[in-house]
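Note that the coordinates shown come from a computational prediction; the quantities given were computed from them, not determined experimentally. Chain identifiers are assigned alphabetically (A, B, ...) following the order of the sequence lines, protein sequences preceding nucleic acid strands; residue numbering begins at 1 within each chain.
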2 protein chains.
Amino acid sequence: MSVGRRAYHHGDLRRAILTAALDVISAEGPSALSLRDLARRAGVSHAAPAHHFKDRTGLLTAIAAEGYGLLAATLTDAADLREAGVRYVRFAREHPAHFQVMFTPELLRENDLELTTARALAGETLRNAVSAVPSEGRGTDARLAGIAAWSLAHGFATLLLSHNLTGPMGDQDPEEVFHELTGLLFRSG
Amino acid sequence: MSVGRRAYHHGDLRRAILTAALDVISAEGPSALSLRDLARRAGVSHAAPAHHFKDRTGLLTAIAAEGYGLLAATLTDAADLREAGVRYVRFAREHPAHFQVMFTPELLRENDLELTTARALAGETLRNAVSAVPSEGRGTDARLAGIAAWSLAHGFATLLLSHNLTGPMGDQDPEEVFHELTGLLFRSG
DNA sequence: TCATCGAACTTGTCAATGACTAGATTCGGC
DNA sequence: GCCGAATCTAGTCATTGACAAGTTCGATGA
């Protein structure tokens with residue numbers, strides 16, 4: 001199966017479709033996604049993507065599952081909750097398409113096995129990070145601190161991706177700004 | 001022009017379409033929105049909505065503009081940044097469709113006049129709230145506190161709407177939980 | 001009263017899309 | 001070199017968004 005052009009078998013059509021889909025989503029959002037357009041980009045027939053992903057929802061579900069896998073890998077062995085937050089924001093910036101799809105449930109097949117397992121894994125790494133609350137003398141509720149940290153990181157990432165922080169932040173490095181934010185949340189006072 | 005059924009003129013088709021659209025978006029997200037479906041629900045021809053909103057993007061832009069107007073009204077004369085945050089979360093829960101569309105820029109006509117003016121107004125009320133940082137002795141950067149508060153509120157609201165907090169929160173009242181979160185961010189320590 | 005003009009709505013049409021079916025080609029194991 | 005299964009193609013149908021042209025209504029003014 002030479003990789004040369006115009007083979008009947010693409011070689012790695014699944015990956016090619018996924019990559020093209022991520023490009024489109026990053027640039028124009030999930031609503032601009034068209035299976036036929038992706039097929040054209042990959043140089044295959046209009047029904048070829050369906051073989052790998054079943055339908056549009058299947059493609060988006062695969063993207064979300066992949067995203068949760070990537071997020072879990074990103075979050076493993078983060079030193080503490082604060083660093084986990086920084087990594088969370090970095091993940092959103094480096095994988096904006098995954099991030100956006102992961103948190104748009106109405107686009108996904110929620111009972112998909114790959115999705116649920118990947119999400120469960122990511123949730124576990126997230127919980128591990130929460131259990132390692134940064135040093136602060138007082139007994140803050142760990143559960144509450146976890147929700148706070150997740151909300152702060154998720155909100156910051158979301159506002160960043162929707163271009164709502166370019167005004168107030170100017171040209172500062174987002175990760176640096178976010179690190180300062182965690183300082184407000186986790187100060188030892 | 002009696003309101004009786006089957007008049008040639010609907011009476012308030014624009015509002016009817018908007019309301020139906022908000023229903024659909026709340027239940028199935030913006031991607032499930034179909035102009036023809038909205039027309040059917042309103043009992044008018046398939047091209048009637050276009051007369052009021054030009055196209056799908058126009059409808060969504062109108063929803064976003066209305067959302068910014070509602071948000072501005074919600075945020076005016078909030079006592080301090082903390083209360084503004086609580087109101088922000090409440091707005092997201094009471095107007096989930098507006099909220100979702102407002103922060104999905106790729107669905108909107110960004111240069112639309114109504115949208116930009118409504119957004120500017122909401123931004124101003126938001127800035128007013130930020131300038132009223134709750135009492136905390138130390139000189140925290142107001143700009144940073146504003147970003148933190150917005151991120152926290154926006155993240156909490158987003159995770160809430162995407163059903164990602166039902167696990168950790170149980171059946172607690174979301175607003176109460178969020179109020180506790182602001183306590184972590186704005187403590188006087 | 002009535003002509004008129006614009007707004008609101010309808011009807012018809014076209015290209016594009018998602019989903020489905022049946023069939024062709026190729027790969028890998030034996 | 002044979003065969004089953006995976007991969008991809010080709011064709012079709014219902015639905016949709018967008019557009020064009022025509023119809024109905026109602027408010028305004030003479």
I'd like to know if the side chain of B:Thr104 reaches the main chain of B:Leu107, judged simply by a donor and an acceptor atom lying under 3.5 Å from each other, with no hydrogens or angles considered. no
Can you measure A:Arg14 atom CZ to D:dA6 atom P for me and round it to whole angstrom units? 15 Å
In terms of ring plane angle, is the pair A:Phe91 and A:His95 parallel, tilted or perpendicular, where the classes change at 30° and 60°? tilted
May I ask you to decide if the ring planes of B:Phe156 and B:Phe178 are parallel, tilted or perpendicular, using 30° and 60° as cut-offs? tilted
Hey, does the side chain of A:Tyr68 reach the backbone of A:Ala120 with a donor-acceptor pair shorter than 3.5 angstrom? no
Do the ring planes of B:Tyr88 and B:Phe103 sit parallel (below 30°), tilted (30 to 60°) or perpendicular (above 60°)? tilted
Of the residues in residues 48-66 of chain A, which ones touch DNA chain D at a heavy-atom distance under 4.0 Å? A:Ala48, A:His51, A:His52
Would you check if the side chain of A:Arg41 reaches a backbone N or O of A:Ala16 as a donor-acceptor pair within less than 3.5 Å? no
Taking only the side-chain heavy atoms of A:His46 (C-beta and beyond), determine which of D:dA20, C:dA19, D:dA18 contains the nearest atom. C:dA19
B:Thr61 side chain to B:Arg109 main-chain N or O, any donor-acceptor pair under 3.5 Å? yes
In residues 27-39 of chain B, what residues come within less than 4.0 Å of DNA chain D, judged by heavy atoms? B:Leu33, B:Ser34, B:Leu35, B:Arg36
By the 4.0 Å heavy-atom rule, please label B:Arg40 as base, sugar-phosphate, or nothing. sugar-phosphate
Is a salt bridge present between B:Asp141 and B:Arg143, judged by a nitrogen-to-oxygen distance below 4.0 Å? yes
